[in-house]
Each structure stands twice: as C-alpha cells, then as structure tokens.
Amino acid sequence: MVGGGSKRGGLLENANPLIYERSGERPVTAGEEDEQVPDVIDAREIFDLIRSINDPEHPLTLEELNVVEQVRVQVSDPESTVAVAFTPTIPHCSMATLIGLSIKVKLLRSLPQRFKMDVHITPGTHASEHAVNKQLADKERVAAALENVHLLEVVNQCLSARS
C-alpha cells in the first residue's frame with residue numbers, strides 16, 4: 001500500500017492508517033450522453049478511473065487512504081497528457097512503486113494510446129521519491145515489470161473490484 005505498509009515480521013508499516021471519506025459520484029451531464037459531442041477527458045474522469053484502485057495490503061481504496069486526490073491530477077486533452085501525483089501514507093512506504101505501477105497500468109488500459117502519462121510521488125512525501133519516480137518514468141522498466149507474472153498478478157488484484 002502506499003504508505004501503508006509492507007509486513008515486517010508480520011506487522012504492517014502503517015497498521016492504523018487514516019481513512020478518508022469517499023467523494024461523491026460524478027453526475028452524468030446531458031452533454032456527456034450526447035454521442036455527437038466530443039468527449040473531452042478531464043481530471044475528474046482520470047480521478048474516477050484511479051480512485052477505486054485497491055491498496056495492496058489494506059482492504060481500502062487509494063481514495064479512502066487519501067493516496068490519490070482529484071486536485072493532484074492534471075490533464076490536457078488537446079496535448080494528450082495526464083499527470084498523477086500520489087501521496088504515500090508514510091514516508092518509508094515500501095509499496096510506493098507497486099501503487100504507482102497500479103495507477104500507471106490502470107491508465108494504460110483505460111486511456112487512448114495518444115496519451116502520455118506521468119505518474120509520480122507528490123514531492124516531499126516519500127524518502128525514496130526520486131528512485132520510485134525514476135522507475136515509474138522508465139517505459140522499459142515498467143514493461144519488464146509487467147512481464148513478471150507474480151507482479152502482474154498483484155497489480156491485477158489492486159485493479160480488481162473487491163468482493
């Protein structure tokens with residue numbers, strides 16, 4: 001989990017994370033339902049894609065842990081760019097790379113290929129921020145990570161709906 005903690009000797013790094021209230025669902029407007037009107041991708045649409053990603057260790061979503069927030073999502077549909085900053089719940093979270101990878105995979109699977117994505121840790125919120133951001137920005141490392149069957153299974157669990 002971002003911040004939330006790897007198990008060291010059976011203990012979570014962040015056994016009692018703060019839990020935040022989920023924001024409401026976005027109402028669908030008449031313009032969004034009109035097939036004749038171009039559908040521009042905005043920050044709320046990106047947030048809606050990533051808010052329900054599961055934390056790898058806690059039975060909570062990234063939104064409930066305040067790891068992702070709409071205010072930390074920037075989108076330029078005309079320029080085909082998306083930037084998402086995520087905030088680990090603790091500065092030494094060992095799951096930060098996995099969280100970032102899960103966000104990146106969700107966006108890769110959901111957005112048109114024309115989009116360039118930047119998924120990074122909110123500046124100043126993680127002890128290994130530079131190293132994690134470097135890994136997430138490296139397309140070859142991300143592709144290699146997704147070839148690892150075990151890691152891909154963990155990412156898919158983060159992206160699947162909880163039952």
Side-chain angles (χ1 to χ4, degrees), residues 1-4 17-56 58 60-91 93 95-126 128-146 151-152 154-162:
M1 109 181 204
V2 190
L18 289 175
I19 301 173
Y20 296 80
E21 191 173 326
R22 290 180 51 96
S23 56
E25 297 299 320
R26 173 163 84 164
V28 178
T29 65
E32 291 172 325
E33 288 182 345
D34 186 347
E35 294 297 323
Q36 304 304 314
V37 176
D39 188 18
V40 177
I41 295 175
D42 61 11
R44 180 57 193 245
E45 188 167 351
I46 299 301
F47 177 69
D48 285 344
L49 287 171
I50 64 174
R51 66 193 280 193
S52 61
I53 294 173
N54 300 309
D55 181 85
H58 291 287
L60 299 165
T61 66
L62 298 186
E63 179 185 22
E64 290 168 327
L65 291 168
N66 212 36
V67 170
V68 295
E69 300 174 89
Q70 186 176 339
V71 297
R72 300 204 191 293
V73 176
Q74 274 92 43
V75 179
S76 173
D77 193 286
E79 294 176 11
S80 300
T81 60
V82 172
V84 175
F86 66 98
T87 307
T89 60
I90 59 172
C93 174
M95 294 290 169
T97 305
L98 176 59
I99 298 291
L101 184 60
S102 296
I103 294 168
K104 193 155 198 156
V105 168
K106 179 67 175 186
L107 295 175
L108 285 167
R109 291 178 181 175
S110 303
L111 294 176
Q113 285 188 330
R114 68 182 171 93
F115 277 90
K116 182 179 184 310
M117 285 160 259
D118 172 28
V119 176
H120 59 275
I121 292 177
T122 304
T125 63
H126 193 274
S128 301
E129 166 188 333
H130 177 71
V132 172
N133 288 342
K134 185 175 179 180
Q135 289 177 340
L136 293 172
D138 187 330
K139 290 180 184 179
E140 291 174 5
R141 276 184 156 176
V142 169
L146 297 176
L151 185 56
L152 184 58
V154 174
V155 168
N156 285 334
Q157 286 173 357
C158 290
L159 300 180
S160 67
R162 294 227 191 250

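Atom set for the values below is all heavy atoms of this structure, side chains included, hydrogens, waters and symmetry mates excluded.
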Please name the pair of heavy atoms, one in [X] and one in [Y], separated by the smallest distance, quoted to 0.1 Å.
X      : Y      : result
Leu159 : Lys106 : CD2-CB, 3.8 Å
His126 : Ala96  : NE2-CB, 3.7 Å
Val68  : Phe47  : O-CE1, 3.7 Å
Ala43  : Val73  : CB-O, 3.6 Å

Under the side chain to side chain donor-acceptor pair (under 3.5 Å) test, which residues partner [X], sequence neighbours left out?
X      : result
Arg109 : Asn156
Glu69  : Arg72
Ser160 : none
Thr125 : none

Is there a donor-acceptor pair under 3.5 Å between the side chain of [X] and the backbone N or O of [Y]?
X      : Y      : answer
Arg51  : Gln70  : no
Thr61  : Ile53  : no
Lys104 : Leu136 : yes

Candidate pair Thr89 and Asn66, rule side-chain contact (heavy atoms from CB on, under 4.5 Å), full reasoning: CA-CA 8 Å; Thr89 60; Asn66 212 36; over 6 Å; no
Which pairs count as side chain to side chain donor-acceptor pair (under 3.5 Å) when at least one residue sits in residues 130-145, sequence neighbours excluded? Thr97-Gln135
Side chain to side chain contact (heavy atoms under 4.5 Å, CB included) partners for Leu151, two or more places apart: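 So Leu151 forms a side chain to side chain contact (heavy atoms under 4.5 Å, CB included) with Leu98, Leu101, Ala145, Asn148.
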